[in-house]
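Below is one structure, written out as structure tokens, with a few remarks after it.
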Amino acid sequence: MSYDVSTLRAQFPALRAGTAHFDGPGGTQTPAPVIAAFTEALSRPLSIRGTTLPGEIHAETIVGDFRQALADLLGADPGGIVHGRSSTQLTYDISRALSRSWAPGDEVVVSRLDHDANIRPWVQAAERVGAVVRWAEFDPATGELPTEAVGALLTERTRLVAVTGASNLIGTRPDVTAIGELAHRAGALFHVDGVHLTAHDFVDVERIGADLFVCSPYKFFGPHHGVLAARPELLETLRPDKLVPSSDAVPERFELGTLPYESLAATRAAVDFVADLGDGGTAGGRRDRLRSAFAAIGVHENALLEVAEKTLGELGGVTVHSRAAERTPTLLLTFEGRDASDAYRFLARSGVHAPAGSFYALEASRHLGLGDAGGLRVGLSPYNDTDDVERLLAGLAEFLSRTSGPR
């Protein structure tokens, strides 16, 4: 399998600035073909969707292409692909719609491992109707969220289980397929936050058993918005608030106002860009090409991760909190006697971007004993190379060697 990271990097104008980016979990840089697709969409006639005039047809085509591209990326039905301003917004919207059928005493399961966007919307929705929230705990020593930790909480009153596909803080990848099977066996819906997972893995929502799955294209080279993939027949049962004259069709009933066609066009281009990274190149169907691409991405990222972990293990005073057996190439680090925010600023002076914080994973950070401060997060992306990793490790070694000076 070939993977030419130099050729890949040449397609990202932002990388010319020289920064080594380890901030992929917060959002990747944007390749030229995606930027071009955004511009191209705005360079041609655009209007409200229709089938008569060029602008109408252009808009209709963009939306259809977007839904099909995301369906190919996620193994979903294009009729269940919903655009939203963000995954957070989509989760809030769907939680409000679903909770209208909940009753006092019904139960919702959430996990301490998750980003707050897959916790608070469900907690708040449950509180409004008097439902009970049950918390699945992960093991802070290993970073693992055992399937049985979720299964033990399920009862005949469980209405929904919400779990991350991969922790944005420490990278842990729970066995969501097994969790989904348990949720369905209990008669509950299964919602997966796939924001961090989708950037690193070949997703198949049908195999996972996710009734609802959210992701964010800006984590995989696209523009800033969110996507919900759901079973169309489930969406048909939900009645979100909407304007009277707006479409009541699925998935349109969940999309308020005119869609940002330029962002949808750029998202389709981002999916195609990822698909071209595999050993099949541009040949074959998009779904098969994506499978090959994520295999290649995984080999590349894991090789870099292995180098980083080996050297970090040789540095004194570093604690690596990312320990799960199955995880994304994401490391959370803390430093004995030093603040992670100091390390972030020190690295920034040498053009290395590894941010510090808890990154909205407050429950996870607190459960790890790190409070709201979190740690230094090192998140690898497909365009990272050996030079990036060497610069990061050299910078951390220098930071740790200094007993005084700028903190």
Side-chain angles (χ1 to χ4, degrees), residues 1-16 20-22 24-25 27-37 65-66 68-76 78 165-166 171 173 176-177 194-208 213 215-222 227 229 265-310 325-330 379-390:
M1 181 175 294
S2 62
Y3 188 93
D4 188 344
V5 70
S6 297
T7 299
L8 173 64
R9 289 173 62 85
Q11 298 185 75
F12 288 81
L15 297 185
R16 298 170 195 160
H21 288 276
F22 293 96
T28 51
Q29 304 307 304
T30 311
V34 174
I35 298 168
D65 288 350
F66 158 75
Q68 187 59 60
L70 267 293
D72 289 342
L73 177 71
L74 303 175
R173 292 181 50 182
V176 286
T177 300
V195 172
H196 188 51
L197 176 68
T198 307
H200 300 285
D201 191 34
F202 181 67
V203 171
D204 189 328
V205 295
E206 185 174 345
R207 179 185 60 79
I208 290 172
F213 184 100
C215 67
S216 300
Y218 68 97
K219 310 292 186 175
F220 49 89
F221 312 139
V227 173
T267 299
R268 187 271 307 156
V271 173
D272 284 335
F273 184 85
V274 173
D276 289 344
L277 299 181
D279 60 357
T282 58
R286 185 194 276 142
R287 181 75 176 155
D288 288 337
R289 289 163 49 222
L290 285 162
R291 186 192 308 273
S292 172
F294 278 106
I297 288 169
V299 170
H300 173 72
E301 290 180 333
N302 288 333
L304 295 179
L305 181 66
E306 184 177 347
V307 172
E309 288 184 314
K310 181 178 184 299
E326 295 292 331
R327 52 192 165 86
T328 62
T330 308
L380 291 166
S381 296
Y383 48 64
N384 286 123
D385 62 7
T386 301
D387 180 68
D388 286 343
V389 174
E390 289 176 350

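The distance from atom CZ of Arg327 to atom CG of Leu305, rounded to the nearest 0.5 Å, is 5.5 Å. The structure places NE2 of His196 at 9.5 Å from CZ of Arg173, a figure rounded to the nearest 0.5 Å. If you take CG on Leu277 and CZ on Phe221, they are separated by 6.5 Å, rounding to the nearest 0.5 Å. To the nearest 0.5 angstrom, Ile297 atom CD1 is 11.5 Å from Asn302 atom CG. Atom OG1 of Thr28 and atom CZ of Phe220 lie 8.5 Å apart (nearest 0.5 Å). If you take CG on Leu197 and CZ on Phe202, they are separated by 12.0 Å, rounding to the nearest 0.5 Å.
The side-chain hydrogen bond (donor to acceptor under 3.5 Å, both in side chains) test applied to Arg287 returns no partner, not counting sequence neighbours. Residues satisfying the side chain to side chain contact (heavy atoms under 4.5 Å, CB included) test with Gln29, not counting sequence neighbours, are Phe12, Ala14, Leu15, His21, Asp23, Tyr383.
Considering only heavy atoms from C-beta on, Leu70 comes within 4.5 Å of Cys215 through its side chain. Pro329 places none of its side-chain heavy atoms less than 4.5 Å from the side chain of Leu304. Residues Leu380 and Phe22 meet the side-chain proximity criterion, which asks for heavy atoms closer than 4.5 Å. Within the 4.5 Å cutoff, no side-chain heavy atoms of Asp272 are placed close to those of Pro33. Annotation: side chain of Leu73 is not in contact with side chain of Val203 (no heavy-atom distance under 4.5 Å). Considering only heavy atoms from C-beta on, Gln68 comes within 4.5 Å of Arg286 through its side chain. Put simply, the side chain of Glu301 does not reach to within 4.5 Å of the side chain of Asn384, judged on heavy atoms. Side-chain contact between Val307 and Thr386 is absent, with no heavy-atom pair separated by less than 4.5 Å.
Remark: side-chain polar atoms of Ser292 are paired, donor with acceptor, to backbone N or O of Asp279 under 3.5 angstrom. Of the possible polar contacts, one joining the Lys219 side chain to the Pro25 backbone as a donor-acceptor pair under 3.5 Å is found.
Thr330 approaches Gly171 most closely through the heavy-atom pair CB-CA, 4.1 Å. Ala266 and Ala37 make their closest contact through CA-CB, 4.1 Å (heavy atoms, listed as atom of the first residue, atom of the second, distance). Nearest heavy-atom pair, Gly24 versus Ser381, reported as atom, atom and distance to 0.1 Å: CA-OG, 3.4 Å. Summarising the geometry of Ala229 relative to Leu74, their closest heavy-atom pair is CB-CD1, 3.8 Å, with the distance given to 0.1 Å. In terms of heavy-atom proximity, Val271 sits nearest to Ala69 at CG1-O, 3.7 Å. In plain terms, the two heavy atoms of Ala166 and Thr328 that are nearest each other are CB-CG2, 3.7 Å.
Under the 30°/60° scheme for interplanar angles, the aromatic rings of Tyr3 and His300 are found to lie parallel.
Between the side chains of Thr177 and Arg207, at least one donor N or O sits under 3.5 Å from an acceptor N or O.
Listed by first then second residue, pairs satisfying salt bridge (charged side-chain N to carboxylate O under 4.0 Å, His left out) with a partner in residues 5-16 read Arg9-Asp385, Arg9-Asp388, not counting sequence neighbours.
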